[in-house]
Amino acid sequence: MSKHNEDNSSQGTPAFGAVMDIEKPKHFGSSAKRLINYFSPFKFHLIAVLVMVILSTAFTVAAPEILGKVTTELYKWVSTGKLNWTYVLYILKWLTVIYVLSQLFQFLQSFIMAKITSRTIYNMRNDVDRKINKLPLKYLDSKTHGEILSRVTNDIETINSTMQQSFTQIITSIATVIGILLMMFSINLWMSLIAIIVIPLSMIASLTVIKGSQKYFTEQQKAIGEINGHIEEMYTGHNIVKIFNYEEKAKEKFTTINKDIYENAWRAEFFSGTMMPIVTFFGNVGYALIAVLGCIFVVQGKIQVGQIQAFIQYMKQFMQPLTTISNMVGTLQSTIAAAERVFEILDEKEEVPDLETAVEIEKTKGNVSLKNVKFGYSKDEPIINNLNIEVKSGQTVAIVGPTGAGKTTLINLLMRFYEVDGGSIKIDGIDIKDMKRDNLHTIFGMVLQDTWLFNGTIEENLAYGREGATHTEVVAAAKTAYAHHFIKTLPEGYNMVINEEASNISQGQKQLLTIARAIITDPRILILDEATSSVDTRTEVLIQKAMDELLKGRTSFVIAHRLSTIRDADVILVMNNGDVIEQGSHDELMKQGGFYYNLYNSQFEITDVVA
């Protein structure tokens, strides 16, 4: 069974957060410091947020003590029958002002923090985008598209949500804990000591339950991932399951995994369910002790009745920030881990920059020379050992050979997607290392077997080849590529929008559009990867005609899979194990009776066998 991502959305626990596997950063301290540095341009704004958090918390913490004065006054009214309404209204008025100010400061801190975070994430996205544009193809080839996308989108969004929400929550929680402790000790020392003893006992009991239940939650999530993968495989491969009579085995496997989920789920839920009674028990014990002790102190005249009410309220509030801080520890670890993945991209080695003396070729003749070229994707495993090729302007050069011979590698080196380890590649006598990379890319045009079109109109896709291309130029390129006719038959013609998957046009139509896009760039040197293997015969003829138009008067490198399509090439390079082992025209190579001869004939033998 293939490995699938497991759902991490574990069941929540009542007191101290959800029990789940938390991805931990490799270097928490250095990564956290680097993340904080992103906020350095906004240090004065952060100081303002900190001040507002402290003020908002101070007003919130002061409220129960002030409300306790009202309770004390009402108690006197019950005891003596006299009520000082002026004093009560005065307290309530100030209490209202305190609540309003607390909410106002909370709103302002949230507003400023949102601005800071949004701008910081904006800067981070820009940094990543600039970095990706500077990364060599070697890095992009070594990572899956999904992995890079995840870092650019999911990881940055994780940082965004945490910094926007959790940052102020942590500061508020710490300030609240400190404020409540100060208020509790200001009311009574002995009552505060009881609270300090009871609350940690409650936390220790809760953490013990969490530790005991964690393994069951982990196993439950692992089993859920397995059952999801099993169901997906069984349904997507339903026909294969039927053909090979795998139904009973599939049912048995489902039952086994489902039973595993059940066993772990009820144990996890049982442990989770015991947490609230434990917390409530310790809380009630604490309230009872404080109530009894508080009544004794009231009788002794050491505190007032309203202060008992305020103290109990403080004790209830005390648990909330501790719970928040406990939950945020896991969130912060995941956030720093996400930041590390983003920083890994930013720390990647960039492609070799252009030399300060780099030149631009305004008019390219199209002569290409490769001398003693050596290259390997890793230094220990060279792919190309000593490659020598001379291509004259206007020649069509076909590159053939078995899989892994080095055909695509050669193209990557010509485009300078990879740097050669030795030797030189020259265009019109100028080493490509001495040319500006942007200028080099304008010299080449590429039509690959794997077509790429973006979500936009057909005209926008064709004009992508050259900035500022007019509608007339676009239509002319489409006509040359034999694409104009089918474009006019489409809904809205050149204004038809190609969807994100480019699934609303056929494979052959995609290929004709990519040829038209190459034509509009008017490149001097062309790189063609045979693109007719997955289209019908009629479309193949059209594509071949379009390519013939594209090749006229241009130097071209054609990676050939069907050897029958390159019989008219000026030069055929036969590659194997990274070297050109044979070189010449089709007739010359056939007369030699060597590697190309055997390769050419083997295709017809395979065709005969298939037929």
Side-chain angles (χ1 to χ4, degrees), residues 12 17-18 31-67 92-130 152-183 313-314 316-339 342-343 346:
S31 299
K33 184 179 179 181
R34 188 171 177 181
L35 182 59
I36 291 170
N37 286 338
Y38 259 93
F39 289 85
S40 57
F42 310 101
K43 55 186 176 183
F44 294 111
H45 295 79
L46 289 172
I47 291 171
V49 168
L50 183 61
V51 170
M52 289 178 188
V53 166
I54 293 172
L55 289 173
S56 175
T57 304
F59 285 128
T60 302
V61 170
E65 172 68 12
I66 296 172
L67 188 60
L92 292 176
K93 180 181 70 175
W94 277 108
L95 196 61
T96 303
V97 171
I98 284 172
Y99 281 132
V100 170
L101 288 174
S102 175
Q103 292 303 310
L104 177 62
F105 284 124
Q106 193 170 345
F107 168 77
L108 288 173
Q109 80 186 32
S110 299
F111 177 78
I112 296 173
M113 198 63 207
K115 294 279 287 185
I116 294 171
T117 305
S118 298
R119 189 66 193 181
T120 302
I121 296 302
Y122 171 83
N123 293 337
M124 184 176 285
R125 282 200 179 101
N126 279 342
D127 289 347
V128 172
D129 181 64
R130 281 193 294 267
V152 176
T153 56
N154 296 345
D155 290 335
I156 291 181
E157 190 54 39
T158 296
I159 298 169
N160 181 27
S161 59
T162 300
M163 292 298 102
Q164 193 163 327
Q165 299 171 13
S166 304
F167 180 75
T168 52
Q169 284 182 359
I170 290 174
I171 296 175
T172 302
S173 298
I174 294 171
T176 301
V177 169
I178 295 171
I180 287 175
L181 283 173
L182 291 173
M183 293 304 294
Q313 198 169 344
Y314 283 134
K316 287 183 177 181
Q317 291 179 354
F318 194 67
M319 291 296 292
Q320 186 177 351
L322 291 176
T323 302
T324 301
I325 293 172
S326 176
N327 288 338
M328 288 302 103
V329 169
T331 304
L332 280 177
Q333 285 187 326
S334 298
T335 302
I336 299 302
V342 174
F343 295 149
L346 296 177

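Residue numbers count from 1 along this sequence. Worth saying up front: this structure is predicted, and the values here are computed from it rather than measured.
- The closest donor-acceptor contact from the side chain of Ser40 to the backbone of Asn37 lies under 3.5 Å.
- Between Thr176 and Val61, the shortest heavy-atom distance links the atoms O-CG2, 4.3 Å.
- Contact of the Met113 side chain with the Leu46 side chain is registered, since non-hydrogen atoms from C-beta on lie closer than 4.5 Å.
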In sequence, state the C-alpha distance, the side-chain angles, and the governing distance for Asn160 and Glu157, and then conclude on side chain to side chain donor-acceptor pair (under 3.5 Å).
CA-CA 5 Å; Asn160 181 27; Glu157 190 54 39; 3.2 Å; yes

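- Between Phe42 and His45, the angle of the ring planes goes over 60°, which puts this pair in the perpendicular group of the 30/60° scheme.
- Remark: Thr60 OG1 to Gln103 CD distance equals 7.0 Å, nearest 0.5 Å.
- Taking both residues in full, the closest heavy atoms of Leu35 and Ala339 are given as CD2-CB, 4.3 Å, listed atom of the first, atom of the second, then distance.
- No donor-acceptor pair under 3.5 Å is formed between the side chain of Tyr38 and the backbone N or O of Ile121.
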Using side chain to side chain contact (heavy atoms under 4.5 Å, CB included), reason through Gln109 and Thr172 one step at a time and then give a plain yes or no.
CA-CA 11 Å; Gln109 80 186 32; Thr172 302; 3.9 Å; yes

For the pair Met163 and Thr335, evaluate side chain to side chain contact (heavy atoms under 4.5 Å, CB included) and give the outcome as yes or no after the intermediate values.
CA-CA 9 Å; Met163 292 298 102; Thr335 302; 4.3 Å; yes

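- Minimum heavy-atom separation, Ala63 to Tyr99: CB-OH, 3.6 Å.
- Thr117 places no side-chain N or O within donor-acceptor distance of the main-chain N or O of Ala114, the cut-off being under 3.5 Å.
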